[in-house]
Amino acid sequence: MALSPLLVFIVLYLVTSIIARDFYKVPITVAFMAASAYAVVTSGGIPLNKRIDIYSRGAGTGQMMLMIWIFILAGAFAHSAKTTGSIDATVNLALTLLPGEMLLAGLFLAACFISLSIGTSVGTIVALTPIAAGIAEQTATSVPLMAAVVVGGSLFGDNLSFISDTTIVATSTQGCRLSDKFRVNSFIVIPAALLILVIYLVMGTGMASPQNVPEVSYVKVIPYIVVLLTALLGMNVMAVLTLGIVLTGIIGIADGSFDVFGWLRAMGDGVIGMGELIIITMMAGGLLELIKHNGGIDYIIQLLTRHVHDKRGAEMSIAALVALVDVCTANNTVAILTVGGIAKQVGDRYGVDSRKAASVLDTFSCMMQGLIPYGAQILMAAGLAGINPVSILPYLYYPLAIGIAALLAIILRYPRRYS
């Protein structure tokens with residue numbers, strides 16, 4: 001009974017999405033709102049005001065508020081960078097560096113670099129897919145293959161970037177530093193990325209380079225380079241994003257992209273754009289707090305760990321849970337947010353390193369997100385390339401590779417230092 005609000009959310013979202021035949025037509029905020037209302041109503045035995053207080057306490061924990069502040073800064077930075085032209089400059093730089101006759105590998109590297117820099121898979125797909133589709137037509141290459149290359153590279157940054165929603169949520173819920181999680185995650189997914197790069201090098205031999213790439217404005221790439229380097233050096237993520245916002249403002253005002261008021265408006269639009277994620281974060285926190293108060297979390301842990309006797313089993317259960325929830329919600333950030341608290345308790349009980357737990361959560365959610373045809377990434381790529389989402393699935397090598405790599409990391413206790 002304590003778990004029933006979570007089931008209400010999953011069933012409501014799945015059923016309505018299936019009826020609508022569109023997983024993005026049904027607002028996920030409404031599904032969370034209905035599940036939250038149900039949780040408050042069915043939490044009997046205590047006064048209504050007390051139930052609301054428990055829900056609000058979960059929605060406003062220090063951990064939740066920290067995530068919200070980061071989301072606000074990330075939104076302000078991303079949109080101000082887009083307005084000043086930094087995203088276009090970064091895309092042009094990546095395309096300029098594409099090696100001749102190695103377009104598949106070069107496009108994959110470009111998507112990896114851009115997604116790692118801007119922290120969003122969808123943004124990378126929006127930027128690169130039209131170009132990838134044009135290259136495919138010019139070189140008589142499969143359009144679904146080119147779209148899949150971009151989707152795979154975009155998930156590289158979604159999984160690893162310091163300013164990615166999934167990284168922020170995974171590290172916040174598991175209580176570890178972004179830089180520490182990055183190190184563990186790198187050991188797991190970079191070998192997979194290198195393997196896929198080799199495959200693309202072999203597949204892409206003989207293809208011609210793209211022509212008429214716009215001239216690169218190197219100054220506008222500076223904010224992303226600075227954000228990436230300062231994050232890698234271990235600077236606090238809020239300080240990193242604040243520095244990025246200031247740099248985009250200085251560069252944008254200096255080159256006439258906007259004035260001071262235009263910069264402020266760009267930041268405001270970015271913050272507003274994060275509104276849904278902020279609301280989801282708060283409602284998920286409140287919902288899980290009520291579930292926890294009523295004993296639901298303890299029940300899940302008992303159910304998941306019934307046959308678990310060691311760290312390997314605990315990590316397997318965390319991986320299975322986040323993958324399952326991602327299939328149901330078609331949103332890897334929401335999946336991590338939903339099961340993060342449960343994963344933390346399972347990990348603590350069996351001594352799983354919080355950095356490894358965060359990596360498992362992030363990697364398996366990104367793996368599943370990159371393989372479901374109704375996920376935002378594949379839908380966006382298919383729409384921009386003018387193809388059927390299902391046609392992309394056979395070419396999604398990278399999401400499958402990181403899933404296999406993460407599974408092997410659990411089985412083989414790799415990386416050893418964190419296992």
Side-chain angles (χ1 to χ4, degrees), residues 94-95 98-99 101-116 120-122 124-129 131-133 135-136 139-161 164 166 185-207 319 323 326-327 330 332 359-360 362-385 387-411 414:
L95 291 176
L98 282 175
E101 297 188 352
M102 296 182 182
L103 282 176
L104 289 176
L107 190 61
F108 179 69
L109 281 175
C112 289
F113 172 72
I114 294 167
S115 61
L116 190 64
T120 167
S121 54
V122 173
T124 303
I125 290 167
V126 169
L128 281 182
T129 301
I131 300 169
I135 293 172
T139 58
T141 307
S142 166
V143 176
L145 169 61
M146 296 297 276
V149 172
V150 174
V151 171
S154 73
L155 288 168
F156 177 84
D158 198 339
N159 181 215
L160 280 180
S161 176
S164 166
T166 58
N185 228 153
S186 297
F187 282 117
I188 296 172
V189 303
I190 287 182
L194 291 174
L195 173 62
I196 298 303
L197 184 63
V198 171
I199 291 173
Y200 285 148
L201 283 171
V202 174
M203 292 176 63
T205 303
M207 294 176 62
D326 189 81
V327 168
N332 49 348
S359 297
V360 168
D362 202 342
T363 304
F364 274 94
S365 70
C366 286
M367 177 272 292
M368 192 57 67
Q369 187 70 17
L371 293 175
I372 51 176
Y374 51 86
Q377 289 78 3
I378 295 179
L379 288 177
M380 183 68 71
L384 292 171
I387 55 179
N388 189 305
V390 178
S391 68
I392 302 177
L393 298 184
Y395 304 103
L396 290 167
Y397 307 143
Y398 181 71
L400 187 62
I402 62 172
I404 294 172
L407 187 62
L408 290 175
I410 293 174
I411 295 172
Y414 172 83

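What you see is a predicted model; the values in this text were computed from it and never measured.
At least one side-chain heavy atom of L107 sits under 4.5 Å from a side-chain heavy atom of M146. Side chains of I372 and I378 form no contact here, defined as non-hydrogen atoms less than 4.5 Å apart. Within the 4.5 Å cutoff, side-chain heavy atoms of L145 are placed close to those of M203. No side-chain heavy atom of F108 sits under 4.5 Å from any side-chain heavy atom of I199.
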Going through the distances and angles, do L408 and Y414 end up as a side-chain contact (heavy atoms from CB on, under 4.5 Å)? CA-CA 8 Å; L408 290 175; Y414 172 83; over 6 Å; no
Could you go through V327 and M368, starting from their C-alpha distance and side-chain angles, then the distance that decides it, and tell me whether this counts as side-chain contact (heavy atoms from CB on, under 4.5 Å)? CA-CA 7 Å; V327 168; M368 192 57 67; 3.5 Å; yes
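No side-chain donor-acceptor contact under 3.5 Å links D326 and S365. A donor-acceptor contact closer than 3.5 angstrom links the side chains of N159 and D362.
Counting heavy atoms of neighbouring residues, nucleotides and ligands inside a 6.0 Å radius, atom CZ of F187 does not exceed 12 of them.
The backbone N or O of L160 lies less than 3.5 Å from no partner atom in the side chain of N185, so there is not a single donor-acceptor pair. Although no hydrogens or angles enter the test, the distance criterion places a donor-acceptor pair under 3.5 Å between the side chain of S164 and the main chain of D158. With T363 contributing its side chain and V360 its backbone, the two residues share no donor-acceptor pair below 3.5 Å. A donor-acceptor contact shorter than 3.5 Å is absent between the side chain of T124 and the backbone of S154.
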Would you mind writing out the side-chain donor-acceptor pairs for residues 392-404 within the sub-3.5 Å range, not counting sequence neighbours?
none

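Between V143 and A133 the shortest heavy-atom distance is CG1-CB, 4.4 Å. Closest approach of P389 and P373 over heavy atoms only: CB-O, 3.7 Å. Closest non-hydrogen pair, A192 versus A405, comes out as CB-CB, 4.2 Å.
Distance check, rounded to the nearest 0.5 Å: CG of L384 to CG of L128 gives 10.5 Å. Here the CD-CG distance, from Q369 to L155, works out to 7.5 Å after rounding to the nearest 0.5 Å.
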